[in-house]
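Computed from a predicted structure; not experimentally measured. Each ligand, and each atom within it, is numbered from 1 in the order the structure gives.
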Amino acid sequence: MLKVEHVTKYYGEFKAVDDLSFTVKEGEIFGLLGVNGAGKTTTFRMIMGLLEPTEGKITLDNKKIDYSVTDKIGFLTEERSLLTKLTVYDQCVFYGTLKGMSKKQIEERLDTLLEKFSITEYKHKKIKELSKGNQQKIQFITAILNEPKLLILDEPFSGLDPFNIELFKKEILDLSKKGSMIIFSSHRMEHVELFCKKIVVLLHGKSVLAGDLKDIKEEYQKKNILIQGDFSLDEIKKVKGVINVTQGQDYIVKIENGDVVPEVFKKLRDANITKFVVEEASLNEIFIEKVGEAYEK
Ligand code: ATP
């Protein structure tokens, strides 16, 4: 298990991470989220053992993270860490060896992964000659070459097309099924919702929202009703508990809680309705509201 306990990090006088605690168990995909500058990268660096926390401690299976466990950690960070003058093969041999793999293990695993991501033809190409998306694939392959116990993924889908995003997703889910602990960070909340059971949202280095995604959604009672058809918008807006109505492909009626649904429905009894769907709020909405509230405090 990864344990982050009361971790604080100062850069000089500036507090970048403020009393942060969370745990990630085997097989869990954990979402570390936050606005720009919230302290995510600093937290990743502390977890990877590249920065020392000012206060608090971080342990992997009850051991402090240092060079002796770094071969169990894989990471894909936003800053590219590819050795772009090397070929794909040479860079993977380099990193694989650093992580204690034999050349035979590296070759077998590399061939499997290159095939999975349909880039076998690039094996002996220099990384700098690859497209952005293919470089991202190589970065991901490097991160998971040794099936790490702890995998840190910061915006892993950056630069990927939808088809390749699916391939990455499948691989990430397979790794978690095999027991890897995965910390996932993205500004794309729909990706976070797909993967993460637990999340923490940082603002100015402090947790402003944390816990089980299911519980967070249940506690946040607001819902959306998606409606299509001919009806009186004014009548709907007047219903007690309707927060607002926006219009896109559907009318989206934002309501205080589930009790408002029958009241809205009543107003549509004589209207010509082709769609009426109640949806829970998206993580994106919750994120924006919670971070907004915390900013105002
Ligand atoms: P983003 O989503 O934009 O990548 P982040 O959540 O990863 O942001 P961090 O990079 O961890 O944020 O930065 C947190 C805060 O610490 C920011 O205000 C940043 O300016 C500051 N900071 C980061 N690195 C240093 C450093 N080496 N020295 C001083 N301040 C730093």
Side-chain angles (χ1 to χ4, degrees), residues 2-24 29-60 64-66 70 73-82 132-133 135-136 139-140 142-143 148 150-160 165 168 172 181-196 198-211 213 216 282-297:
L2 174 77
K3 272 193 196 165
V4 173
E5 294 174 272
H6 301 290
V7 164
T8 295
K9 176 71 191 172
Y10 280 92
Y11 291 114
E13 298 278 289
F14 178 73
K15 203 192 261 185
V17 174
D18 187 356
D19 194 21
L20 178 64
S21 297
F22 62 85
T23 56
V24 187
I29 308 182
F30 181 86
L32 181 63
L33 316 175
V35 295
N36 294 125
K40 300 176 300 285
T41 309
T42 304
T43 304
F44 287 145
R45 292 199 166 153
M46 289 190 284
I47 293 172
M48 290 187 282
L50 301 173
L51 271 181
E52 197 60 33
T54 316
E55 287 161 28
K57 65 174 182 177
I58 303 178
T59 53
L60 182 63
K64 189 174 179 315
I65 295 180
D66 59 19
T70 47
I73 304 177
F75 57 88
L76 188 165
T77 53
E78 265 192 302
E79 312 101 62
R80 291 266 147 89
S81 51
L82 295 169
K132 193 167 148 235
Q135 287 192 13
Q136 184 76 353
Q139 187 137 326
F140 185 56
T142 311
L150 172 64
L151 177 63
I152 294 174
L153 298 172
D154 188 7
E155 293 292 357
F157 306 131
S158 147
L160 292 183
I165 289 179
F168 265 46
I172 294 169
M181 300 165 234
I182 300 175
I183 305 184
F184 179 79
S185 185
S186 174
H187 293 298
R188 301 281 301 273
M189 295 299 139
E190 71 274 25
H191 291 150
V192 176
E193 278 190 87
L194 274 181
F195 283 128
C196 303
K198 283 195 312 185
I199 59 164
V200 62
V201 178
L202 297 182
L203 180 69
H204 302 317
K206 240 181 153 42
S207 159
V208 291
L209 180 66
L213 196 49
I216 289 173
S282 66
L283 180 59
N284 202 47
E285 282 176 74
I286 302 175
F287 179 95
I288 290 171
E289 189 171 310
K290 295 288 173 192
V291 168
E293 282 171 5
Y295 264 125
E296 282 163 19
K297 274 184 193 161

Enquirer: Hey, looking at atom 10 (O) of ligand 1, which of Val17, Leu203, Thr41 has the closest heavy atom?
Expert: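 Among Val17, Leu203, Thr41, the closest heavy atom to atom 10 (O) of ligand 1 comes from Thr41.
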
Enquirer: Are any of the N/O atoms on Gly39, whether in the backbone or the side chain, positioned under 3.5 angstrom from an N/O atom of ligand 1?
Expert: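 Looking only at distances, the answer is yes, because the N/O contact criterion of under 3.5 Å is met.
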
Enquirer: Go through the steps to decide whether His187 and Lys40 satisfy the test side chain to side chain contact (heavy atoms under 4.5 Å, CB included), and finish with yes or no.
Expert: CA-CA 11 Å; His187 293 298; Lys40 300 176 300 285; 3.7 Å; yes

Enquirer: Enumerate the atoms of ligand 1 whose separation from the nearest heavy atom of His187 is less than 4.0 angstrom.
Expert: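 Close to His187: 2 (O).
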
Enquirer: Within the 4.0 Å heavy-atom shell around Phe14, which atoms of ligand 1 are there?
Expert: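 Taking each heavy atom of Phe14 in turn, ligand 1 has 15 (C), 16 (O), 18 (O), 21 (C) under 4.0 Å.
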
Enquirer: Check whether any N or O atom of Ala38, backbone or side chain, sits under 3.5 Å from an N or O atom of ligand 1, and answer yes or no.
Expert: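 For ligand 1, there is an N or O atom that lies under 3.5 Å from one belonging to Ala38.
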
Enquirer: Quick one: which of Phe44, Tyr11, Tyr10 has a heavy atom closest to atom 24 (N) of ligand 1?
Expert: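 Among Phe44, Tyr11, Tyr10, the closest heavy atom to atom 24 (N) of ligand 1 comes from Tyr11.
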
Enquirer: Would you call the rings of His191 and Phe157 parallel, tilted or perpendicular, taking 30° and 60° as the class edges?
Expert: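 Answer is perpendicular, since the angle exceeds 60°.
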
Enquirer: Take Leu153 and Phe140 through the test side chain to side chain contact (heavy atoms under 4.5 Å, CB included) and record every step on the way to the result.
Expert: CA-CA 9 Å; Leu153 298 172; Phe140 185 56; 3.9 Å; yes

Enquirer: Testing Phe22, Phe44, Phe184 one by one against Phe30 for a ring pair (Phe, Tyr, Trp, His ring centres under 6.0 Å), which residue passes?
Expert: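 Among Phe22, Phe44, Phe184, the one meeting ring pair (Phe, Tyr, Trp, His ring centres under 6.0 Å) with Phe30 is Phe22.
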
Enquirer: Walk me through whether Lys290 and Val201 qualify under side chain to side chain contact (heavy atoms under 4.5 Å, CB included).
Expert: CA-CA 9 Å; Lys290 295 288 173 192; Val201 178; over 6 Å; no

